[in-house]
Amino acid sequence: IEVQDAHLGQLPSRAEIIEVGGKPYVKPGSAPRLSDYDEARFAAEALAYAKGGVLVFPCASGPSGGKEPLTAHGFKDASADEVQIRAWWSQHPTANIGAPTGVNGWTVLDIDTDDRGEISRIAEGLQLPRTAMVRTGRGYHIYFGAVEGVRPSVSIMAHVDVRSGESYVILPPSVHESGRAYRWQVPLSEITDMPPGTRVKLTRADGVPADPNLTGRKLVKGERRPELCRVVRVFQSRGVGADTVLAQIRLINAARCDP
């Protein structure tokens with residue numbers, strides 16, 4: 001895998017970048033509002049994915065949004081139906097484009113760092129080949145065809161999470177909460193199978209069940225908040241990225257909590 005320039009996929013030009021402790025950040029209040037984007041583009045891109053066989057669903061977007069699903073059942077509502085997609089993006093014109101990994105046949109490595117040296121170390125350590133790749137709000141998504149037995153995992157190694165099976169990713173040209181747009185750096189059409197060597201390394205790194213918190217007992221009234229807060233603290237202590245923590249909490253909530 002070729003490590004791309006850390007500024008590719010950068011913010012729209014009106015956002016102002018400042019340095020804090022030698023690292024680039026978006027100056028508060030300088031990121032463009034979602035209304036500054038061509039709203040029709042999100043619907044058009046969602047429809048284009050669907051026409052290519054990718055199931056999608058709308059998620060919250062932009063500086064105040066994050067990646068919260070905007071459908072009742074989250075990624076389980078994903079569809080390639082044109083009428084449904086038009087209805088979703090008519091209601092939420094600037095919604096980000098979410099896509100479940102399992103039903104779309106993907107296993108995605110989420111590299112959650114902008115440090116080029118760390119990215120090179122990860123790429124070399126996992127023997128990553130050229131394959132479909134997205135520049136995210138902070139880091140990269142590396143796409144492979146679905147790998148049987150590889151489950152969604154957090155912090156499988158430093159700065160690396162796995163999105164697979166019951167999980168989802170955000171697709172370009174969605175907008176990260178930082179204001180940075182997701183961009184394909186290697187198109188989805190170039191997705192490849194995960195090399196055996198990479199899979200072996202992931203299997204060795206994943207020495208424990210991927211999501212042990214998903215298999216616990218059902219939570220009764222009054223237990224949800226304390227348990228989810230406990231899980232968040234555990235993930236944070238392991239250096240897991242905020243985006244992945246949020247995704248895992250949603251999965252735990254769906255698996256162990258009654259509405």
Side-chain angles (χ1 to χ4, degrees), residues 1-11 24 45-46 48-56 67 78 80 96-165 167-176 178 180-206 210 240-241 243-244 247:
I1 183 173
E2 180 182 354
V3 177
Q4 303 288 330
D5 188 283
H7 295 288
L8 288 175
Q10 61 191 7
L11 289 153
E45 294 285 353
Y49 282 120
K51 289 178 181 178
V54 176
L55 276 64
V56 298
K67 304 176 181 66
N96 277 343
I97 304 170
T101 51
V103 295
N104 282 317
W106 304 330
T107 289
V108 180
L109 301 186
D110 181 0
I111 300 178
D112 189 27
T113 179
D114 273 337
D115 185 284
R116 298 189 69 180
E118 186 67 13
I119 292 169
S120 294
R121 183 192 66 79
I122 292 168
E124 293 172 4
L126 290 177
Q127 301 176 1
L128 298 180
R130 178 182 172 86
T131 185
M133 180 170 67
V134 167
R135 181 71 165 96
T136 67
R138 184 181 66 182
Y140 297 85
H141 283 168
I142 313 298
Y143 285 68
F144 296 100
V147 180
E148 184 178 356
V150 173
R151 301 156 295 190
S153 306
V154 293
S155 198
I156 198 167
M157 58 187 295
H159 304 294
V160 180
D161 305 318
V162 178
R163 308 290 180 87
S164 188
S167 187
Y168 68 94
V169 291
I170 301 297
L171 298 176
S174 298
V175 180
H176 188 262
S178 67
R180 172 181 277 173
Y182 289 70
R183 297 187 181 183
W184 288 106
Q185 294 202 321
V186 179
L188 185 58
S189 60
E190 296 188 28
I191 190 171
T192 63
D193 291 333
M194 184 180 289
T198 303
R199 181 172 178 177
V200 168
K201 289 178 179 294
L202 287 177
T203 302
R204 289 175 178 172
D206 190 18
V240 178
D243 293 341
T244 300

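In this structure, Leu128 and Leu109 have side chains that are in contact, with non-hydrogen atoms separated by less than 4.5 Å. Counting heavy atoms from C-beta outward, Tyr182 and His176 have side chains that approach closer than 4.5 Å.
Here the closest heavy-atom approach between residue Thr107 and residue Ser164 is recorded as OG1-OG, 3.0 Å. The nearest pair of heavy atoms linking Ser178 to Gly137 is OG-O, 4.4 Å. Glu45 approaches Pro173 most closely through the heavy-atom pair CG-CD, 3.5 Å. For the residue pair Pro129 and Pro195, the shortest heavy atom distance occurs at CG-CG, 3.6 Å.
Applying the side chain to side chain donor-acceptor pair (under 3.5 Å) rule to Ser167 yields no partners; only residues at least two apart in sequence or on another chain are considered. A search for side chain to side chain contact (heavy atoms under 4.5 Å, CB included) contacts involving Ala46 returns Val56, Ile85, Trp89, Ile97, not counting sequence neighbours. Looking at residues two or more places apart in sequence or on another chain, you find a side chain to side chain contact (heavy atoms under 4.5 Å, CB included) between Thr131 and Ile142, Phe144, Ile191, Thr192. Residues satisfying the ring pair (Phe, Tyr, Trp, His ring centres under 6.0 Å) test with Tyr143, not counting sequence neighbours, are Trp106, Trp184. By the side chain to side chain donor-acceptor pair (under 3.5 Å) test, Glu118 is found to be paired with Arg121, residues two or more places apart in sequence or in another chain being considered. Thr101 pairs by the side chain to side chain donor-acceptor pair (under 3.5 Å) definition with nothing, not counting sequence neighbours.
Here the straight-line distance linking atom OG1 of Thr113 with atom OH of Tyr140 works out to 10.0 Å at 0.5 Å rounding. Taking CD1 of Ile111 as the start and NE2 of His159 as the end, the distance is 10.5 Å to the nearest 0.5 Å. The CD atom of Glu148 sits 7.0 Å away from the CZ atom of Arg199 when rounded to the nearest 0.5 Å. With rounding to the nearest 0.5 Å, the separation of CD in Gln185 from CD in Glu190 is 12.5 Å. The line from CZ of Arg130 to CE of Met133 is 7.5 Å long, rounded to the nearest 0.5 Å.
Although no hydrogens or angles enter the test, the distance criterion places no donor-acceptor pair under 3.5 Å between the side chain of Asp110 and the main chain of His141. A donor-acceptor pair under 3.5 Å is formed between the side chain of Asn96 and the backbone N or O of Val175.
The side-chain contact (heavy atoms from CB on, under 4.5 Å) with Tyr49 is formed by just one residue from the set Leu171, Leu55, Asn104; it is Leu171.
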